[in-house]
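What follows is one structure encoded as structure tokens, with my remarks underneath.
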Amino acid sequence: MTLSVRVILDTNVLLSAFIRVDSNPYAVLHAWLDGRFELVSSGAQIEEITRVARYPQVRQYISPAEIGWLVNRIRDRALVIARLPEVDVSSDPADNFLLGMAEAGQADYLVTGDKSGVLAIERHGRTTIVTVIRMMRALGLG
């Protein structure tokens with residue numbers, strides 16, 4: 001897999017990577033940092049990351065410095081979509097921005113742990129919606 005593959009990592013995957021460094025989300029995040037794929041993100045996702053990182057149940061595992069590091073890497077190294085199209089597909093309206101990112105960023109994969117929401121959609125346009133385990137297989141990591 002090369003940088004021509006575009007991948008969205010749902011916020012739950014990104015934050016999970018910081019909670020457990022021996023986890024599958026950590027392995028996928030580091031595959032991006034190692035240049036195995038191009039990460040697609042957006043201002044909306046960066047806002048979600050910073051908002052969710054303030055939750056007490058998240059702050060006990062992830063420091064503000066780690067969140068700052070993550071946001072800076074995304075801004076510096078990811079394809080950050082400025083304007084997202086309106087999408088109304090997910091049963092959870094708060095997840096529709098991910099599908100907008102998929103459209104605007106022409107993502108090949110959207111990786112999520114949200115089994116009842118986004119993952120249930122399975123595909124949006126050209127984007128295949130997968131679990132972390134399935135993305136690891138696609139990357140040859142497991």
Side-chain angles (χ1 to χ4, degrees), residues 1-81 84-142:
M1 205 165 276
T2 64
L3 279 178
S4 61
V5 175
R6 291 184 174 182
V7 178
I8 295 166
L9 299 179
D10 193 348
T11 302
N12 61 54
V13 174
L14 290 168
L15 295 181
S16 293
F18 281 85
I19 292 171
R20 292 206 39 200
V21 297
D22 61 344
S23 67
N24 294 330
Y26 183 86
V28 172
L29 175 67
H30 276 270
W32 165 57
L33 293 170
D34 291 340
R36 301 280 299 274
F37 61 86
E38 182 174 22
L39 183 69
V40 177
S41 189
S42 68
Q45 185 176 38
I46 291 170
E47 288 172 21
E48 182 179 64
I49 291 166
T50 56
R51 178 177 45 80
V52 171
R54 291 187 203 109
Y55 296 168
Q57 63 268 36
V58 175
R59 283 190 74 138
Q60 68 181 330
Y61 297 106
I62 308 171
S63 72
E66 289 171 312
I67 294 302
W69 181 89
L70 174 62
V71 167
N72 287 336
R73 293 299 82 62
I74 290 170
R75 286 186 176 135
D76 292 345
R77 298 181 60 185
L79 171 61
V80 180
I81 307 297
L84 299 178
E86 292 274 331
V87 176
D88 186 16
V89 175
S90 178
S91 60
D92 181 354
D95 288 333
N96 282 318
F97 82 93
L98 292 166
L99 302 172
M101 284 171 34
E103 281 183 28
Q106 299 181 340
D108 298 290
Y109 296 96
L110 192 167
V111 183
T112 184
D114 183 3
K115 291 177 177 56
S116 62
V118 178
L119 196 57
I121 297 168
E122 296 182 356
R123 187 164 198 81
H124 183 71
R126 68 175 275 158
T127 306
T128 304
I129 303 169
V130 298
T131 62
V132 172
I133 294 288
R134 192 153 162 225
M135 189 72 235
M136 288 181 66
R137 281 190 211 119
L139 292 168
L141 300 175

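Numbering of residues begins at 1 and proceeds along the displayed sequence.
- Tested against Ile8, the residues Thr112, Val40, Val111 include a single side chain to side chain contact (heavy atoms under 4.5 Å, CB included) partner, Val40.
- Interatomic distance, Ser4 OG to Glu38 CD, rounded to the nearest 0.5 Å: 9.0 Å.
- Open room surrounds OH on Tyr61; 12 or fewer heavy atoms of other groups in view lie less than 6.0 Å from it.
- For the atom pair Ile46 CD1 and Ile67 CD1, the distance stands at 12.0 Å (nearest 0.5 Å).
- Of all the heavy atoms in Asn96 and Ser90, the pair that sits closest is OD1-N, 2.9 Å.
- Residues passing the salt bridge (charged side-chain N to carboxylate O under 4.0 Å, His left out) test with Arg75: none are found, sequence neighbours excluded.
- Within the structure, every pair that satisfies the salt bridge (charged side-chain N to carboxylate O under 4.0 Å, His left out) test and touches residues 9-31, not counting sequence neighbours, is listed here: Arg20-Asp22.
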Worked verdict on Val87 versus Glu103 for side-chain contact (heavy atoms from CB on, under 4.5 Å): CA-CA 9 Å; Val87 176; Glu103 281 183 28; 3.5 Å; yes
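- Using a 4.5 Å heavy-atom cutoff, the side chains of Arg54 and Pro64 are not in contact.
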In sequence, state the C-alpha distance, the side-chain angles, and the governing distance for Leu141 and Arg36, and then conclude on side-chain contact (heavy atoms from CB on, under 4.5 Å). CA-CA 11 Å; Leu141 300 175; Arg36 301 280 299 274; 3.5 Å; yes
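- For the side-chain contact (heavy atoms from CB on, under 4.5 Å) test, residues two or more places apart in sequence or in another chain that qualify with Ser16 are Pro25.
- Residues passing the side-chain contact (heavy atoms from CB on, under 4.5 Å) test with Ala120: none are found, sequence neighbours excluded.
- In this structure, the side chain of Gln45 does not engage the main chain of Phe97 through any donor-acceptor pair within 3.5 Å.
- Side-chain atoms of Leu14 and Trp32, non-hydrogen and from C-beta on, never get closer than 4.5 Å to each other.
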Report all side-chain donor-acceptor pairs from residues 133-140 shorter than 3.5 Å, counting only partners two or more places apart or in another chain.
none

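- In terms of the side-chain contact (heavy atoms from CB on, under 4.5 Å) criterion, residue partners of Arg126 (sequence neighbours excluded) are, by chain and number, Gln106, Asp108.
- Heavy atoms only, all atoms of each residue included: Gly105 and Leu79 are closest at O-CD2, 4.4 Å.
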Assess the residue pair Ile129 and Leu99 against the criterion (side-chain contact (heavy atoms from CB on, under 4.5 Å)); give the C-alpha distance rounded to whole Å, side-chain angles, the decisive distance to 0.1 Å, and a yes or no. CA-CA 10 Å; Ile129 303 169; Leu99 302 172; 4.0 Å; yes
Please report the C-alpha distance between Val28 and Leu9 in whole Å, then the side-chain angles of each, then the deciding distance to 0.1 Å, and finally whether the side-chain contact (heavy atoms from CB on, under 4.5 Å) criterion is met. CA-CA 9 Å; Val28 172; Leu9 299 179; 3.7 Å; yes
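- In this structure, Glu86 places its CD atom where only 12 or fewer heavy-atom neighbours from other residues, nucleotides or ligands lie under 6.0 Å away.
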